[in-house]
Structure formats: C-alpha cells, structure tokens
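Heads up: the structure comes next, in structure tokens.
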There are 2 protein chains.
Amino acid sequence: MSNNISLLNQYWTDIYFYLHYPHKEKISHQVVRILQLIDKRKEIGVGEVASHLNVSHNTASEHVKRMIAKKYLKKERATKDERKVILSLTNLGEEVLYRNTSLDEKKLEHVLNQLNENEKSLIENALKTLSERVKQCM
Amino acid sequence: MSNNISLLNQYWTDIYFYLHYPHKEKISHQVVRILQLIDKRKEIGVGEVASHLNVSHNTASEHVKRMIAKKYLKKERATKDERKVILSLTNLGEEVLYRNTSLDEKKLEHVLNQLNENEKSLIENALKTLSERVKQCM
DNA sequence: TACTTTATATCTTAATATACGATATAATCT
DNA sequence: AGATTATATCGTATATTAAGATATAAAGTA
C-alpha cells in the first residue's frame, strides 16, 4: 500500500511540475500558504493564520499587514466579536493564488485534448471523487 | 471547456490543500522550485536554474551555493564540458522536497481507505494516465 | 595559437521577507 | 474590576532575493 502511495505521489508531483504556470511573481512561500488557507476555509483571522503556519500571532499579524498592503487581502471586523478580524482574498489575491497553485489552463487543456472521451471522463471523475472524499474526511 | 478546466483546478487545489503535509520547514519558494526542477529533469546546471526561475545566472549561482551549504544539493562537473556543473538532490533534499510538494502519505492513505476498490482504481488510473500524457506532451 | 564565447563563482550592495519579544489597545469574559 | 483574548506596532536580528561588477576556467573559432 505504501508503495502505491509513493506512486500516486509521483504521478501527483509529475502532473504539477509539467503543468504549473511559468513562475512569474516572486511570491514567498508564506504568502501562498496564507492565500490558500483563506481561500479554502471560512472565518480565518490572524490567530488561525498563526496556527496554520506554526508561527507566533505577532508574526502572523505582520504577514497579514504586508499582504493587505500588497492588496492580496482585505479584512473586516467580525460582528460577533469585534476584537477579531476576518480575512478575505481580493481579486488580485485570487489571481496570484491561482497562478501559483493551479494547473496552467492552457497546458491542461492542451493535454486533455490529446485524450479520448473515456480518459477525460476518467480523470474528471477521479479528481472529483477524490476531492469530495478529501473534504469529507479532513 | 474552460468551465471544466476551472472545475478541475478547483478539485486539484482542494486535494492539495487538504492533503498536504503540515508546514514545518520554513523553506522558501525558490528553494522548492529548484528542488522540483532538479528532481524532474536531467542534466540541470546553474544556467537551467536561472532560466527556470527567470533570474540572472549570478542569482541562480547564489541560490545553488546556499542550497549546497544546507546539504539539499550536491554538484559535480559534467564530463563532456568541464565548465558546467550538474546538480543533484541529496537524500535530505529529496526529503525536504517530498514534504513540501507531495501529498501527506498518512492522509492520502486514510482517504483512500474510505474508498471502494472501484474508486481507488479510478483514481490511480486517472492520475497515471494524466501523468503519462503530460510527460509526453511537455 | 590567440581571441572570443560560455559556464560558473564571488563579492558587494540594496531591498524584502521572516520571526519574535516587548509592549500596547480594545473587546470579551468571569 | 480584573483577567483573558485578539490583534497591532515597534525594534531587532537573521535570512532570502536579486543583480552589477569582476574573476577564472573551459570550450569554440578563425
């Protein structure tokens, strides 16, 4: 089984390596991680960023401050607890995140065009299934 | 079609988000990219690193120097052209790369254990097919 | 063989990013 | 009213990124 897992990981990293967007922005690793967190979870504040990155709350606050200045993020006070801020991605933040974590659309389309309908369906169903199960389990 | 591509990307980024390893090392984005390049391509030297990252050759050389010092990389002179160095990953480099780009094996195994045999086969075949085609096309 | 080109390396400089302790303010809880 | 929580800022130290200037060695070319 763990042989299989390694193999799946090899497929996974191969796919990403060959299909990622050309590296353009010099976006740092912590910026990507924060954008991912806010994109995929709800009600994220500075405390949650600190936990996710495994850094102190003052460090997380500094990161968030810089990302707001770069217009990747925006913040608003929570209504239930006005000490807390809730973070969200700006349009620019979404674009930057997309270019740094998604598969390049043109490359992906180009590859999918080489596949027959069965293979396309196979891939789409597989990713959909895995994605849904992953969300249920985690 | 581009609706579909977006959807596939959403599955893709969801899967990664939920299954990535906990963020431990504070590894920078350029280090990850260099490790990925050397892992997936052959005959990589400083010039190729510079092109891949879109930086100057002296910047690439500095990156490589630091990564050698951290024992992520090792270098050897090419036999055909002794001006050139060929870079390779150390065991440590492989570990660090794996933890920063692969799906967490325990998480992945846990999710796969929730699937029936058909779904498992579907996912494995899909990733294998896509990985193989991607390598052919790119 | 001399000159040109290529590949890499180092030094220096400047800017940015990361990280946290100390300290502060405001809001909520007890 | 005091304790706790959530965030923010400042100061400090270190790391990373990037490139221009300069250098050496190897290969290519006339």
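Basis for what follows: all heavy atoms, side chains included, without hydrogens, waters or symmetry-related copies. Proteins get letters first, then strands, A, B, ... in listed order; numbering begins at 1 in each.
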Presence of [X] side-chain N/O under 4.0 Å of [N] phosphate oxygens OP1/OP2:
| X | N | answer |
| --- | --- | --- |
| B/S28 | D/dT17 | yes |
| A/K70 | C/dA17 | yes |
| B/S61 | C/dA9 | yes |
| A/R77 | D/dA6 | no |
| B/K75 | C/dA7 | no |
| B/T59 | D/dT17 | no |
| A/H63 | C/dA17 | no |

How many whole angstroms separate atom [atom1] of [X] from atom [atom2] of [N]?
| X | N | atom1 | atom2 | value |
| --- | --- | --- | --- | --- |
| B/K65 | D/dA18 | NZ | C1' | 13 Å |
| A/E82 | D/dA8 | CD | P | 14 Å |
| A/K26 | C/dT16 | NZ | P | 15 Å |
| B/Q30 | D/dA15 | CD | P | 18 Å |
| A/L73 | D/dT7 | CG | P | 14 Å |
| A/E62 | D/dA13 | CD | C1' | 14 Å |
| A/H29 | D/dT17 | NE2 | P | 9 Å |
| B/L53 | D/dA18 | CG | P | 7 Å |

- Query: How about B/L127 and A/L127: do any of their side-chain heavy atoms sit closer than 4.5 Å?
  - Reply: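 Answer yes - side chains close enough.
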
- 5'-most by nearest nucleotide on DNA chain C - B/H57 or A/V55: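 By nearest-heavy-atom nucleotide position, the 5'-most residue is B/H57.
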
- Query: How would you label the contact of B/D81 with the nucleic acid (heavy atoms, under 4.0 Å): base, sugar-phosphate, or nothing?
  - Reply: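 Sugar-phosphate, backbone atoms only, no base.
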
Consider only side-chain N and O atoms of [X] and [Y], and report whether a donor and an acceptor are under 3.5 Å apart.
| X | Y | result |
| --- | --- | --- |
| B/Q136 | A/Y18 | no |
| B/S88 | B/K75 | no |
| B/N4 | A/E124 | yes |

- Item | Pairing of B/E43 and B/K84 as salt bridge, 4.0 angstrom limit |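 Looking at B/K84 together with B/E43, the answer is no, because their closest N to O distance does not fall below 4.0 Å.
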
- Query: With distance as the sole criterion, do the side chain of B/R83 and the base of C/dT8 form a donor-acceptor contact below 3.5 Å?
  - Reply: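 Flag unset: no donor-acceptor pair detected.
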
